[in-house]
There are 2 protein chains.
Amino acid sequence: MKISEVSTATGLSIDTLRFYEKIGLIDPPPRDGAGRRDYPDDVIGWIAFLGQLNATGMPQAERVRYAELRRQGAATYTARREMLEAHREVIRGKLVLMQETLALMDRKVAIYQKLESEEESHV
Amino acid sequence: MKISEVSTATGLSIDTLRFYEKIGLIDPPPRDGAGRRDYPDDVIGWIAFLGQLNATGMPQAERVRYAELRRQGAATYTARREMLEAHREVIRGKLVLMQETLALMDRKVAIYQKLESEEESHV
DNA sequence: CTAGGTGCTGGAGCATACTCCAGCTCAAGC
DNA sequence: GCTTGAGCTGGAGTATGCTCCAGCACCTAG
């Protein structure tokens with residue numbers, strides 16, 4: 001796959017793809033005869049996974065660490081599992097906070113609706 | 001309340017409190033005889049609320065916008081309610097993504113556990 | 001009355017995560 | 001064969017959200 005195709009498929013900009021390669025999030029892909037990147041198809045799935053770690057708040061340095069472990073193969077299964085278990089706990093904590101804040105938004109919206117109707121009534 | 005007390009009570013650094021005041025997130029508090037900030041007690045609740053907006057991903061510029069509306073009083077009830085309703089939808093979207101990623105972490109952890117036990121078995 | 005602690009201002013600096021640019025190469029269509 | 005477009009590299013620049021610092025003022029304890 002050409003870099004433009006990977007960009008379209010993943011929603012990451014071409015610059016971001018090269019940046020991710022530079023910091024070690026994406027393996028340097030083989031090059032074609034003209035020196036252009038020719039990505040394997042499975043990079044799409046990997047980038048989607050990175051996107052999920054990103055969107056759930058895993059910092060870049062940690063994602064890089066995970067990518068490094070992945071490159072080292074079977075010897076790092078345990079380390080990778082432990083990273084994902086730790087991130088799972090982070091997500092659980094955020095979920096609780098999100099749910100609490102969602103409930104708070106509901107309460108606040110109801111309060112504002114009440115205030116608005118009171119405003120209206122004595123215009 | 002002194003700035004150091006607000007800092008302790010909220011977990012925000014003194015520098016961050018002054019920074020929040022500078023950008024309009026916190027109302028400039030009255031000063032004591034020596035020109036030092038003397039915060040009203042209710043700033044603690046306001047900062048906690050800002051913290052929840054922050055932790056659920058509301059960007060600074062939006063929080064500043066909300067704070068500005070709040071300063072304008074009853075005339076902005078509707079605008080504030082609409083901001084909170086919009087943020088509520090953002091949170092709902094994040095909740096879904098978090099839940100999906102949590103499930104993904106579970107699946108991945110299980111896969112790694114299987115891989116680890118297989119590794120072990122042919123040592 | 002002096003030392004130490006707390007607070008003040010204005011402005012510089014920093015970490016994270018990209019984003020953009022100059023100047024170049026290459027391949028393909030007209 | 002020449003233009004156009006995609007891609008390349010190295011490095012600079014940007015946005016967000018703080019964080020730190022110099023240099024000074026003030027209050028309190030000993």
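The structure presented is a predicted model; accordingly, all values stated were derived computationally and were not measured. Just so we're on the same page: letters track the sequence lines, and every chain starts at 1. Computed from heavy atoms alone, side chains included, the values below leave out hydrogens, waters and symmetry copies.
- One interatomic measurement links the two molecules: CD of A:Glu62 to P of C:dA17, which rounds to 10 Å at whole-angstrom precision.
- Residue A:Lys2 contributes atom NZ, which lies 13 Å from atom P of C:dA27 at whole-angstrom precision.
- Screening A:Thr8, A:Ile14, A:Thr10, A:Asp15 for a side chain to side chain contact (heavy atoms under 4.5 Å, CB included) with A:Leu12, the sole residue that qualifies is A:Thr10.
- Side chain of B:Glu62 to backbone of B:Pro59: no donor-acceptor contact under 3.5 angstrom is found.
- Side-chain contact between B:Lys2 and B:Asp38 is absent, with no heavy-atom pair separated by less than 4.5 Å.
- Straight-line distance from the NZ atom of B:Lys22 to the C1' atom of C:dC8: 13 Å, rounded to whole Å.
- Screening residues 17-33 of chain B for side-chain hydrogen bond (donor to acceptor under 3.5 Å, both in side chains), with sequence neighbours left out, gives B:Glu21-B:Arg37, B:Asp27-B:Arg71.
- Partners of A:Tyr39 under the ring-ring contact (aromatic ring centres under 6.0 Å, His included) rule, at least two apart in sequence or in another chain, do not exist in this structure.
- The side chain of B:Tyr20 contributes no N or O atom lying less than 4.0 Å from OP1 or OP2 of D:dG17.
- The stretch residues 31-58 of chain B comes close to DNA chain C through B:Arg31, B:Gly35, B:Arg36, B:Arg37, each having a heavy atom under 4.0 Å from the strand.
- Closest of all the heavy-atom pairs between A:Leu53 and A:Thr56 is O-OG1, 3.1 Å.
- Scored by the side chain to side chain contact (heavy atoms under 4.5 Å, CB included) test, B:Lys114 finds B:Glu118 as partners (sequence neighbours excluded).
- In terms of heavy atoms, B:Ile26 sits closest to B:Trp46 at CA-NE1, 4.2 Å.
- In this structure, the side chains of A:Leu17 and A:Ile47 come closer than 4.5 Å at one or more pairs of heavy atoms.
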Distances under 3.5 Å only, N/O to N/O: pair up the protein atoms with those of nucleotides 28-30 of chain D.
none

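- Close to D:dA15, at under 4.0 Å from its OP1 or OP2, lies no side-chain N or O of B:Gln60.
- A heavy-atom distance below 4.5 Å is found between the side chains of A:Arg81 and B:Glu116.
- Residues A:Ala67 and A:Gly24 come closest through the heavy atom pair CB-O, 3.4 Å.
- For DNA chain D, the residues of residues 8-19 of chain B within the heavy-atom distance limit of 4.0 Å (strictly under) are B:Asp15, B:Thr16, B:Phe19, sorted by number.
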